[in-house]
Each structure stands twice: as C-alpha cells, then as structure tokens.
> 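I have a structure I would like to understand better, so I am pasting it below and will then ask my questions one at a time.
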Protein chains: 2
Amino acid sequence: MLKHNVYFDGKVQSIGFERLGRRMTAGVIAPGEFHFGTDAPERMTVVSGELEVKTDGGWRAYPAGTTFEVAGKSGFDVRALKPAAYVCEFL
Amino acid sequence: MLKHNVYFDGKVQSIGFERLGRRMTAGVIAPGEFHFGTDAPERMTVVSGELEVKTDGGWRAYPAGTTFEVAGKSGFDVRALKPAAYVCEFL
C-alpha cells in the first residue's frame, strides 16, 4: 500500500500513498539541486525546512507552510540548502 | 544522509534526516493501529490526512496542521483510518 521511492542516488526519497482516490507522496530532499519531470500536475507543500524553485527571475524560496503547483507534462528545478520535507499531491 | 525506515510490515514508513543538528522523519501511516515506543521526546505534526492518538479519555483526532508531543522513554498508540503523513521531530 505504501511505496518507497528513491531518486538521485537516494538524495531524494519519498513514501507514496493514496487517499480518497488521489495519489500523494511524503518525502525529503537532501541538500542539492534536482530536476523533476511531471506527468500529472503536482501541488508541492513544504512541511519542514525550505525549498527553492527555479523561475525565470531566479530561485524563489518556499519555506515550510507554503505551496507551489507545477503543470503536468512539464518539470521543475528544485534545490535545498538543508534537508527539507514535502508533501506532493498529484492533481 | 537520508534513511528509509520500515515498521509494522511496511504499514508505517518514514524518511529520516537531520537539520540544524536535530533528527527528524517525514513518514506515512497506513490504515491501522500502531504502538510506538519513544526514546527521546517527540513532536509529531500531521501534514496530510488525520491521525488519532489514544488518551485516557479515548481516541483523540489530530487533523492535518495539528501537532502533539510525546514524552521520552514512553510510548503512544496511534491509528489512521486513511493513510496520513506526518513530520516527527526528536526533541
């Protein structure tokens, strides 16, 4: 029922689950910069620490308690200066 | 740096990390009832879904966005009716 996902040599790991028919993951991003492709649109909520997301205007910080959304069939560059935890909902 | 933890035949799984010298985990609890012992005191924050914790007065619900603390060298009974995600800080 729960699924362990490992990316980037273990620097990003998450636990996948499903609730009310919607897929989600709870995960942790170790320090580094990573590119993720998307299939479904995603809503990412930072739940501990801080993530930064690359935008046209440079890196934008998302501290714990904030959320960003990513279009489907696209991708995003994210980086963490310290380990940060997130919840990802597939929309 | 990140550590995958598996409990109760995979029904509870978490990713352990450390930030600012403090140990934390981000994890998911599948439907069921589970007993956790504590060594250090813990602060549990529900970040998706809802957890219930057994108290002298019965089960008490902690929906996403709420937090409960557990004394060290003790333990707690927690249950989930649907999968729920949490961040645990070791204090």
Side-chain angles (χ1 to χ4, degrees), chain A residues 1-34 36 40 42-52 61-69 78-91, chain B residues 1-34 36 40 42-52 61-69 78-91:
Chain A
M1 176 150 209
L2 306 186
K3 183 173 177 289
H4 178 221
N5 306 300
V6 179
Y7 308 99
F8 304 108
D9 290 324
K11 291 179 182 170
V12 178
Q13 297 187 39
S14 69
I15 309 295
F17 60 105
E18 197 172 310
R19 190 176 65 239
L20 303 176
R22 295 175 77 169
R23 290 184 308 120
M24 309 184 194
T25 64
V28 180
I29 297 180
E33 181 178 331
F34 308 98
F36 284 94
E42 298 180 12
R43 178 184 298 132
M44 291 276 290
T45 300
V46 182
V47 296
S48 179
E50 181 170 295
L51 292 176
E52 296 182 340
Y62 289 88
T66 63
T67 290
F68 59 91
E69 296 185 343
V78 64
R79 73 178 179 188
L81 302 183
K82 298 184 174 69
Y86 64 88
V87 170
C88 177
E89 301 166 80
F90 298 97
L91 306 177
Chain B
M1 173 150 213
L2 306 186
K3 181 171 177 291
H4 178 223
N5 306 300
V6 178
Y7 308 98
F8 304 108
D9 290 326
K11 290 179 182 171
V12 178
Q13 297 187 39
S14 69
I15 309 295
F17 60 104
E18 197 173 312
R19 191 179 62 239
L20 304 176
R22 295 175 76 169
R23 292 183 307 123
M24 308 184 193
T25 64
V28 180
I29 297 180
E33 180 178 330
F34 308 98
F36 284 93
E42 300 181 9
R43 178 184 297 132
M44 292 275 290
T45 301
V46 182
V47 296
S48 179
E50 181 169 296
L51 291 175
E52 294 181 341
Y62 289 89
T66 64
T67 290
F68 59 92
E69 296 184 344
V78 64
R79 74 178 181 189
L81 303 182
K82 297 184 175 67
Y86 65 89
V87 169
C88 177
E89 300 165 80
F90 298 96
L91 305 177

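All values derive from a computational prediction rather than experimental measurement. The chains referred to below are lettered A, B, ... by the order of the sequence lines, with proteins before strands, and numbering in each begins at 1.
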> By a 4.5 Å heavy-atom criterion (distance strictly below it), what part of Val87(A) contacts chain B: side chain, backbone, both, or neither?
side chain

> Using 0.5 Å steps for rounding, measure from the CG atom of Asn5(B) to the CD1 atom of Ile15(A).
8.5 Å

> Less than 4.5 Å to any heavy atom of chain B: does that hold for the side chain of Val6(A), its backbone, both, or neither?
neither

> Which answer fits Glu18(A), side chain, backbone, both or neither, if we ask what part of it has an atom under 4.5 Å from a heavy atom of chain B?
backbone

> Hey, what do you get for CD (Gln13(A)) to CG (Leu2(B)), rounding to the nearest 0.5 Å?
5.0 Å

> Once rounded to the nearest 0.5 Å, what's the spacing between atom CZ of Arg19(B) and atom OG of Ser48(A)?
3.5 Å

> Which one, Met24(A), His4(A), Lys11(A), leads in non-hydrogen pairs under 4.5 Å with chain B?
His4(A)

> Would you name the heavy atoms of Ala26(B) and Ala85(A) that are closest together and state the gap between them?
CB-CB, 3.9 Å

> Which of the residues Gly49(A), Gly10(A), Gly65(A) is involved in the greatest number of heavy-atom pairs with chain B at under 4.5 angstrom?
Gly49(A)

